[in-house]
Amino acid sequence: MKVISIFTNEQHLIKKAVQKNRDAQRRLYELHAPKMLSVCRQYIRDRQQAEEAMCNGFVKMFAHLKEYKFEGSFEGWVRRIMIRESISYLRKYNKIKFTYEVDERIPSYTQADSNLEVEYIQDMIDALPEGYRIVFVMYAVEGYKHKEIADMLNISESTSKSQLFKARKVLQQQLINLNKYQNGTHEI
Amino acid sequence: MAPMKFEENIKEKLGERTLEPSANAWETIASQLEQQDSKKKFNYKFWIAIAAVLLVGVFLFAGLFKSPVATPPSNVVETESESIKVKIKSPIQENIDVPTEAVVVVEPVILEPVDKIKAVPNTPSKKDRIKTEIVNVDKATVIEKTPNKSVVAINNPVVQETSETAILQQKIQEKVSELVAEVDKLKADNEAVSDAEIDALLAKAQRDILRDRAYNAQTRTVDASALLLDVELEMERSFRDKIFDALKDGFTKARDAVADRNN
């Protein structure tokens, strides 16, 4: 019953927000802002800049809200808007560099790597170069395919694959360094 | 599958993570939304204002290029009206040529037909002048019967031979005879017959004729238009007299001036 009531409430809120009801818009913002800020934060290192991108994303979301046809998850629809806005923000204020070396070998992580805290994971992702980070997050976290990534970033599929491989290599190295620091060795 | 487990772990933990935005984040969003809404409203009003200015400009442009109404000549008026009111009285002039075309009234204004009177070498007697005027009455009255154009040349009057016209003609002839007899009587009495007296006799005869036309003894009906004409004639007599007197004086002065110049 709670799930149904929430869904009904969200539908009602969306319809009101389409009519430019400011209270409904604020309520939608309060429901989804925390997660959307986390999404933007995955792409943008600086928290304030991530918040700025999130605000821009919400403004665009409300402007195009009438295009949402209640097909699929509303959160997923908003999430895609936030990802595009984050990438646009990075393109506007940073130069995103992509290398074109192709290497599809998957680096080897260890069992212990799966127990890392989210903050450290974020720190590891922040340490990646812009191009690597974006492709890695879009592929590994958001679940986009290389073709979709290539279309959104206006790059080739091979570049997308290359970027992902390099991101994994860097992460692997970081994990090795972490294990060495924690356990004195990179082997378990 | 360690590599996949690591990345699944990342996906799971980052997917569940939430970060609380700052307190003024919503204010920033709300202000941007307000700006968007006001921009749309401004454009709407702006384009409505432009459309209104264009409409006013089109109306002004059309008004400026509207052609002015041409005033018709005042001396000749043609009318399609059936009920033409015709005044009988015409200025009595001597040795004067008057335009051939008759000036006829346009409803409801009553105008006087100006008939052509050929210049006669001798001063016409008053009897002759009366006859001439009665003939004008006759012709003008006949004109009233024609439904179309009332511009008539005296030399070629339009006469519709109807029984009603014949009766009217007969009545007019009777009146003419009466008038002539009356003038003769006045002359026999050695009384000077002035123009005013002749005019009065003519007016009386005109009223009688019109009264006869108005009332139909056979059907015991009264013609409303004839009655109206009678009343209008009486009402406008004074104004008409003034106009004619003024015209008469002006014409006399002009004639004298021309005569003096020639001499």
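The sequence lines fix the lettering, A, B, ..., with proteins before strands; numbering per chain opens at 1. Being a predicted model, the structure only gives us computed values, none of them experimental.
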**Item:** Closest non-hydrogen atom pair between B:Gln36 and A:Val59, with its separation
**Value:** NE2-CG1, 3.4 Å
**Request:** Can you check whether anything in residues 77-87 of chain A gets within less than 4.5 Å of chain B, heavy-atom wise, and list it by number?
**Result:** A:Arg79
**Asked** Measuring from B:Phe6:CZ to A:Leu171:CG, what's the distance to the nearest 0.5 Å?
**Response** 5.5 Å
**Pair listing, salt bridge (charged side-chain N to carboxylate O under 4.0 Å, His left out) test, anchored in residues 28-37 of chain A, at least two apart** = A:Arg26-A:Glu30, A:Arg27-A:Glu30, A:Lys35-A:Glu75
**Request:** Locate the shortest heavy-atom distance separating A:Ala33 from B:Pro21; write the atom from each residue and the value.
**Result:** CB-CG, 4.0 Å
**Request:** Look at A:Met36, A:Gln25, A:Met124, A:Glu52 and state which one has the largest set of heavy-atom pairs under 4.5 Å with chain B.
**Result:** A:Gln25
**Request:** With sequence neighbours left out, write down each residue that passes side chain to side chain donor-acceptor pair (under 3.5 Å) with A:Ser38, or none if nothing qualifies.
**Result:** B:Arg17
**Item:** Side chain / backbone / both / neither for B:Glu34 at chain A, heavy atoms under 4.5 Å
**Value:** both
**Request:** State which residues pass side-chain contact (heavy atoms from CB on, under 4.5 Å) with A:Lys15; sequence neighbours excluded, sorted by chain then number.
**Result:** A:Phe70
**Prompt:** Using the ring of each side chain (for Trp, its six-membered ring), is B:Trp26 parallel, tilted or perpendicular to A:Phe62, with breaks at 30° and 60°?
**Reply:** perpendicular
**Request:** Taking B:Gln32 for its side chain and A:Asn56 for its backbone only, find out whether a donor-acceptor pair lies under 3.5 Å.
**Result:** no
**Message:** Less than 4.0 angstrom from a charged side-chain N to a carboxylate O is my criterion; do A:Glu142 and B:Lys11 meet it?
**Reply:** no
**Verdict with reasoning, B:Ile10 to A:Ile125, per side chain to side chain contact (heavy atoms under 4.5 Å, CB included)** = CA-CA 10 Å; B:Ile10 292 175; A:Ile125 292 174; 4.1 Å; yes
**Prompt:** If you measure from OG1 on B:Thr18 to CG on A:Leu37, what distance do you get to the nearest 0.5 Å?
**Reply:** 9.0 Å
